[in-house]
Undergrad: 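Take this structure, written in structure tokens, and hold onto it; I'll ask about it next.
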Amino acid sequence: MKKLIKDRTSVLSDMLEGLKLANSDIEIIEDTVVVRKEKKAKGVALVSGGGSGHEPAHAGYVAKGMLDAAVCGEIFTSPTPDKVLSAIKAVDNGDGVLLIVKNYAGDVMNFEMAQEMAEMEGIQVETVIVRDDISIEDVEKRRGVAGTVIVHKYAGFLSEQGLPLNEIKDKVEQLLVDVKSIGMALTAPMIPSTGQNGFDIQDDEMEIGIGIHGEKGLQRKPVESVDKIVEQLGDLLLKEVESKSVVVMVNGMGATPLTELNIVVKYVHEYFQSKGLNVQQWLVGDYMTSLNMEGFSITIAPSHDELLTALNAHTESRYF
């Protein structure tokens with residue numbers, strides 16, 4: 001295994017230490033919890049997180065206009081409830097805390113346990129669960145993937161506007177109904193803590209419907225040209241999208257050059273145009289990665305004035 005690490009056991013701590021050195025407006029508490037150095041004086045605080053390996057999610061979004069804290073687990077491993085509780089207590093200013101959780105069993109369980117512990121200490125906490133991955137048929141079992149980042153930005157904007165906790169939760173849940181994503185991969189991620197790939201795949205194969213924790217796709221097919229790949233993903237997405245005016249995120253999975261992501265954008269544009277969709281805003285880049293997986297995902301959200309305003313509002317995160 002060739003990796004730019006010193007030791008398999010210190011990947012997370014070394015990564016967080018470097019992140020802190022490069023971002024003077026954050027600090028690390030409890031070893032693995034990233035918080036804004038300047039605590040929000042008022043307004044709902046936002047906490048998200050999960051296993052590491054998805055950078056810049058989630059720690060890169062701890063900044064004014066987005067998250068107040070990110071709880072970082074080991075690579076592809078959920079953080080423990082006590083770490084989540086520490087994050088909640090660190091950022092709460094009396095106006096309540098919203099937990100933004102991707103739908104993975106460990107994340108949901110541990111964030112819920114932390115919410116219960118925080119509520120026992122008198123802290124008002126609510127949770128929204130992101131289930132944007134349409135590759136899974138059962139809606140309740142759908143995973144939270146790149147659409148989570150759109151939620152971070154939207155909720156961050158609402159918090160900056162001073163909306164109360166229950167109203168932010170309601171608005172985010174209304175948005176979540178229509179946020180849809182699907183991804184594909186040409187290669188699997190290499191997990192540094194084990195030295196193993198997430199799955200085996202041949203050079204002439206691709207996976208459709210991949211997860212972000214080394215899960216292989218729900219379909220394995222011979223690799224095709226990018227326009228044909230986009231058409232396959234687009235056909236699946238459009239089965240679930242009613243709006244003709246949309247925001248589109250083309251998300252790199254960690255090892256896809258921007259050159260190729262922009263090629264993807266060209267063919268997504270052509271495909272959606274042929275289907276009568278009007279793209280109001282593009283988001284292109286590495287937002288929710290899976291270590292060094294080569295591939296991309298497409299996320300669609302219905303475009304409306306408030307979401308567009310939120311996506312374009314100022315954030316001090318250098319990664320959005």
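Counting from 1, the numbers follow the sequence of the chain as shown. Just so you know, these numbers come straight off a predicted model, no measurement behind them.
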Undergrad: For Cys72, is there any backbone N or O sitting under 3.5 Å from a side-chain donor or acceptor partner on Ser52?
TA: no

Undergrad: So does Glu173 get a backbone contact from the side chain of Lys169, meaning a donor-acceptor N/O pair under 3.5 Å?
TA: no

Undergrad: Quick one: do Lys221 and Glu205 make a salt bridge, cutoff under 4.0 Å?
TA: no

Undergrad: To the nearest 0.5 Å, what is the distance between CD on Gln174 and CD on Glu306?
TA: 9.5 Å

Undergrad: Can you establish whether the number of heavy atoms outside Asp204 located under 6.0 Å from its atom CG is more than 12?
TA: yes

Undergrad: Between Lys216 and Glu207, does any NZ, NE, NH1 or NH2 come within less than 4.0 Å of an OD or OE carboxylate oxygen?
TA: no

Undergrad: Any ion pair linking Lys42 and Asp95 (charged N to carboxylate O, less than 4.0 Å)?
TA: no

Undergrad: Check whether any side-chain N or O of Asp68 sits under 3.5 Å from a backbone N or O of Leu46 as a donor-acceptor pair, and report yes or no.
TA: yes

Undergrad: Atom CD of Gln115 and atom CD1 of Ile88: how far apart are they, to the nearest 0.5 Å?
TA: 7.0 Å

Undergrad: Say whether Ser78 and Asn110, considering side chains only, have a donor N or O and an acceptor N or O under 3.5 Å apart.
TA: no

Undergrad: Give a yes or no answer on whether the side chain of Ser181 reaches the backbone of Ala146 with a donor-acceptor pair at less than 3.5 Å.
TA: no

Undergrad: Does atom NZ of Lys141 have more than 12 heavy-atom neighbours from other groups under 6.0 Å away?
TA: no

Undergrad: Can you name the nearest heavy-atom pair linking Arg8 to Thr194, along with the distance?
TA: NH1-O, 3.8 Å

Undergrad: Determine, for Arg142 against Asp133, whether the closest basic-nitrogen to carboxylate-oxygen distance falls under 4.0 angstrom.
TA: no

Undergrad: Under a 3.5 Å distance rule, please check whether Asp7 uses its side chain to pair with a backbone N or O of Thr9 as donor and acceptor.
TA: yes

Undergrad: Rounded to the nearest 0.5 Å, what separation is found between the CE atom of Met66 and the CZ atom of Phe320?
TA: 5.5 Å

Undergrad: I'd like to know whether the aromatic ring centres of His54 and Tyr287 sit less than 6.0 Å apart in this structure.
TA: no

Undergrad: Between Lys64 and Glu160, is the closest basic N to carboxylate O distance under 4.0 Å?
TA: no

Undergrad: Side chain to side chain contact (heavy atoms under 4.5 Å, CB included) between Glu167 and Gln161: does it pass, once the steps are laid out?
TA: CA-CA 11 Å; Glu167 193 169 338; Gln161 303 311 300; over 6 Å; no

Undergrad: Have Ser159 and Lys40 got a donor and an acceptor in their side chains that come within less than 3.5 Å?
TA: yes

Undergrad: Using only atom types and a distance under 3.5 Å, with no angle test, would you say the side chain of Tyr271 pairs donor to acceptor with the backbone of Asp235?
TA: yes

Undergrad: Grab the two heavy atoms, one from Pro79 and one from Asp107, that are nearest each other, plus how far apart they are.
TA: CD-OD1, 3.9 Å

Undergrad: Can a side-chain donor-acceptor contact be found between Asp92 and Gln124 if the only test is distance below 3.5 angstrom?
TA: no

Undergrad: Please work out which of the three classes, parallel, tilted or perpendicular, describes the rings of Tyr104 and His213, given edges at 30° and 60°.
TA: perpendicular

Undergrad: List the steps and the verdict of salt bridge (Lys or Arg N to Asp or Glu O under 4.0 Å) for Lys180 and Asp132.
TA: CA-CA 5 Å; Lys180 310 291 184 183; Asp132 57 315; over 6 Å; no

Undergrad: Can you measure from CD1 (Ile182) to OG1 (Thr299) and round to the nearest 0.5 angstrom?
TA: 10.5 Å

Undergrad: Find the distance between CD1 (Ile5) and OG (Ser10) and round it off to the nearest 0.5 Å.
TA: 7.5 Å

Undergrad: Measuring from atom CD1 of Ile134 to atom CD of Glu240, what distance do you get when rounded to the nearest 0.5 angstrom?
TA: 5.0 Å

Undergrad: For the backbone of Ala313 and the side chain of Lys153, can you confirm whether one donor and one acceptor N or O come within less than 3.5 Å of each other?
TA: yes

Undergrad: Are Lys20 and Glu27 close enough for a salt bridge, meaning some N to O gap below 4.0 Å?
TA: no

Undergrad: Please check this pair: side chain of Asn103 against backbone of Val130, looking for a donor-acceptor N/O pair closer than 3.5 Å.
TA: no

Undergrad: If you measure only the distance, is there a donor-acceptor pair under 3.5 Å linking the side chains of Glu294 and Thr256?
TA: no

Undergrad: Evaluate the criterion side chain to side chain contact (heavy atoms under 4.5 Å, CB included) for residue pair Thr187 and Met253; output intermediate values, then yes/no.
TA: CA-CA 10 Å; Thr187 64; Met253 302 306 298; over 6 Å; no

Undergrad: Is there a donor-acceptor contact under 3.5 Å from the side chain of Arg131 to the main chain of Gly144?
TA: no

Undergrad: Determine yes or no for a side-chain-to-main-chain donor-acceptor pair under 3.5 angstrom, with Thr77 supplying the side chain and Ile75 the backbone.
TA: yes

Undergrad: Using only heavy-atom distances, determine whether the side chains of Tyr267 and Glu231 contain a donor-acceptor pair under 3.5 Å.
TA: no

